[in-house]
Amino acid sequence: AQKITQTQPGMFVQEKEAVTLDCTYDTSDPSYGLFWYKQPSSGEMIFLIYQGSYDQQNATEGRYSLNFQKARKSANLVISASQLGDSAMYFCAMREGLYNTDKLIFGTGTRLQVFP
Amino acid sequence: DVKVTQSSRYLVKRTGEKVFLECVQDMDHENMFWYRQDPGLGLRLIYFSYDVKMKEKGDIPEGYSVSREKKERFSLILESASTNQTSMYLCASTRSQPRSVLEKLFFGSGTQLSVL
């Protein structure tokens, strides 16, 4: 079974509008972290935001917020006031805490295109 | 800021060649990782290492090996390159102490390898 599922291969949004990128996860570990990374066409992976499984409030970083719904096992990324520079691939990832491993498991990504 | 440097941004090799992809980090991180990225498949973990001379197989280790002789350097080796190893290769690092599910990965800028 997929640990991280991103069902939207591509999304379009108009500049200045908000957009939500979906991510669902699957784990039986009570302790885990959820991450979002951005990958522009240059190829570098840029960390955006993270959320711990025990965090009560949704994480926010500037225009990025993580809509964490634990019961639904979803961790959607919300980008407010989209900018042209937000056009990129976006990856959701998870780290499970129980088995003393530090690896991140990634989803397949969503390509976001922001148009004027 | 952590810097993770991959030696080549683009690489073209021939089938059967032995290929070395080099990665160096400058923040004394214990953990280093090699991922490969393919369209529609996201990032998949090839190998990782917790310490010098230690290595662990990831999800897709077949056809690859790694070397970690020094803490700051983690090399990915394709013993006999094949066309199905044409891909983007991403190196990453993270510290292991203090352990936290929220410890983020720092990535290099990637190596786009083409095997002809």
Side-chain angles (χ1 to χ4, degrees), chain A residues 1-10 21 23 25 27 29-55 59 61 66 68 75 88-111, chain B residues 1-6 8-11 23 29-51 54-61 74 87-113:
Chain A
Q2 291 290 329
K3 290 272 190 178
I4 294 285
T5 302
Q6 294 181 255
T7 57
Q8 307 154 316
L21 306 184
C23 174
Y25 59 92
T27 182
D29 198 320
S31 176
Y32 52 90
L34 297 158
F35 300 75
W36 278 93
Y37 281 82
K38 171 185 178 181
Q39 186 183 44
S41 56
S42 57
E44 62 193 296
M45 293 284 281
I46 302 168
F47 166 77
L48 295 178
I49 195 168
Y50 58 21
Q51 177 96 35
S53 57
Y54 295 118
D55 293 342
E61 285 286 347
L66 200 155
F68 180 46
M89 282 290 290
Y90 288 81
F91 291 96
C92 180
M94 176 176 66
R95 174 186 285 116
E96 295 167 297
L98 187 59
Y99 296 107
N100 196 33
T101 177
D102 292 285
K103 64 180 183 180
L104 253 62
I105 304 163
F106 285 82
T108 54
T110 297
R111 182 172 296 282
Chain B
D1 272 356
V2 174
K3 191 166 179 65
V4 180
T5 303
Q6 293 183 233
S8 304
R9 182 69 179 91
Y10 298 96
L11 209 53
C23 176
H29 282 174
E30 294 86 4
N31 303 325
M32 296 188 75
F33 305 82
W34 276 106
Y35 287 88
R36 89 173 255 179
Q37 180 184 356
D38 300 286
L41 297 178
L43 278 72
R44 293 178 293 166
L45 184 63
I46 305 171
Y47 265 99
F48 57 106
S49 169
Y50 292 130
D51 202 348
M54 293 183 68
K55 60 184 179 184
E56 296 281 345
K57 291 181 180 179
D59 300 316
I60 52 163
F74 192 37
S87 187
M88 169 72 90
Y89 291 88
L90 291 160
C91 175
S93 75
T94 189
R95 61 182 183 179
S96 63
Q97 297 296 335
R99 286 208 72 251
S100 167
V101 292
L102 295 179
E103 198 64 39
K104 61 190 180 193
L105 284 184
F106 293 88
F107 281 88
S109 53
T111 296
Q112 180 62 54
L113 173 67

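Convention: sequence-line order gives letters A, B, ...; per-chain numbering from 1. Side chains are part of it too, since the values below use all heavy atoms of this structure and drop only hydrogens, waters and symmetry mates.
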- Shortest non-hydrogen contact between A:Gly43 and B:Leu90, atoms and distance: O-CD2, 4.1 Å
- Query: Among A:Gln39, A:Arg111, A:Met89, which has the most heavy-atom pairs under 4.5 Å with chain B?
  - Reply: A:Gln39
- Atom CZ of A:Phe47 and atom CZ of B:Phe106: how far apart are they, to the nearest 0.5 Å? 8.5 Å
- Item | Euclidean distance, A:Lys103 NZ relative to B:Glu56 CD, rounded to 0.5 Å | 9.5 Å
- Message: With side-chain contact (heavy atoms from CB on, under 4.5 Å) as the test, pick out the partner of A:Leu104 among B:Leu45, B:Leu43, B:Leu105.
- Response: B:Leu105
- Message: How close do B:Lys104 and A:Phe35 get, counting heavy atoms only, and between which atoms?
- Response: CA-CE2, 3.9 Å
- Task: Measure distances from B:Asp59 to the heavy atoms of chain A and classify the residue's part below 4.5 Å as side chain, backbone, both or neither.
- Result: side chain
- Quick one: what part of B:Arg9 sits under 4.5 Å from any heavy atom of chain A, side chain, backbone, both or neither? side chain
- Query: Which bit of A:Ser42 is near chain B, if near means a heavy-atom gap under 4.5 Å: side chain, backbone, both or neither?
  - Reply: backbone
- One should read off an interatomic distance between B:Tyr35 OH and A:Phe106 CZ, to the nearest 0.5 angstrom, of 5.0 Å
- Message: How long is the straight-line distance from CD of B:Gln37 back to OG1 of A:Thr108, given to the nearest 0.5 Å?
- Response: 11.0 Å
- Under 4.5 Å to a heavy atom of chain B? For A:Tyr32 that would be backbone
